[in-house]
K.L.:
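What follows is a single structure, and I will ask about it in a moment.
Worth saying up front: this structure is predicted, and the values here are computed from it rather than measured. Below, all heavy atoms of this structure are taken into account, side chains as well, without hydrogens, waters or symmetry copies.
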Amino acid sequence: SAVAASLWRGHFVALSRSMVDQSLLVNRVVDMDWRFGVTAASSELAQAGSTFLQLKLVMDRGAGQTEAATMELTLAQFYELLQEMEKA
């Protein structure tokens with residue numbers, strides 16, 4: 001038990017990096033479609049004139065499979081997502 005724990009501690013960092021690398025390879029963005037919009041009219045006065053971005057990300061799920069994820073973001077949310085993607 002102590003030997004196994006020692007081996008685990010010794011290889012934990014390498015195993016973790018390997019798992020992250022494999023995850024990034026499988027879940028990588030292979031295509032992106034986007035649309036920028038301005039709300040022209042809304043039942044809520046504060047929404048009129050607000051800007052938004054619609055994104056469609058196509059991700060490689062491995063084994064030749066892809067998956068599309070769509071989202072609508074405010075510009076602030078988009079810039080936050082962009083910062084996170086640049087870090088990866």
K.L.:
To the nearest 0.5 Å, what is the distance between CG (Leu73) and CG (Leu82)?
P.N.:
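So the gap between those two atoms works out to 11.0 Å.
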K.L.:
For a quick test of reading the model, state the closest non-hydrogen atom pair linking Glu72 to Gln54 and the distance between them.
P.N.:
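Of all heavy-atom pairs spanning Glu72 and Gln54, the closest is OE1-NE2, 3.2 Å.
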K.L.:
State the CD-CZ distance between Glu67 and Arg61, to the nearest 0.5 angstrom.
P.N.:
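Here the rounded value is 4.0 Å.
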K.L.:
Taking the side chain as every heavy atom from C-beta outward, state whether Leu55 and Leu81 have any atom pair closer than 4.5 Å.
P.N.:
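They are in contact (side-chain heavy atoms under 4.5 Å apart), so the answer is yes.
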K.L.:
Counting C-beta onward and ignoring hydrogens, is there a side-chain heavy-atom pair between Phe52 and Thr74 closer than 4.5 Å?
P.N.:
no
K.L.:
If you draw a 6.0 Å radius around CD in Glu80, do more than 12 non-hydrogen atoms from other residues or ligands fall strictly inside?
P.N.:
no
K.L.:
Taking the side chain as every heavy atom from C-beta outward, state whether Lys56 and Asp31 have any pair of such atoms under 4.5 Å apart.
P.N.:
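SC-SC contact between Lys56 and Asp31 ruled out.
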K.L.:
Using every non-hydrogen atom in the two residues, find where Trp34 and Leu53 come nearest and quote the distance to one decimal.
P.N.:
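So the two residues come closest at CE3-CD1, 3.8 Å.
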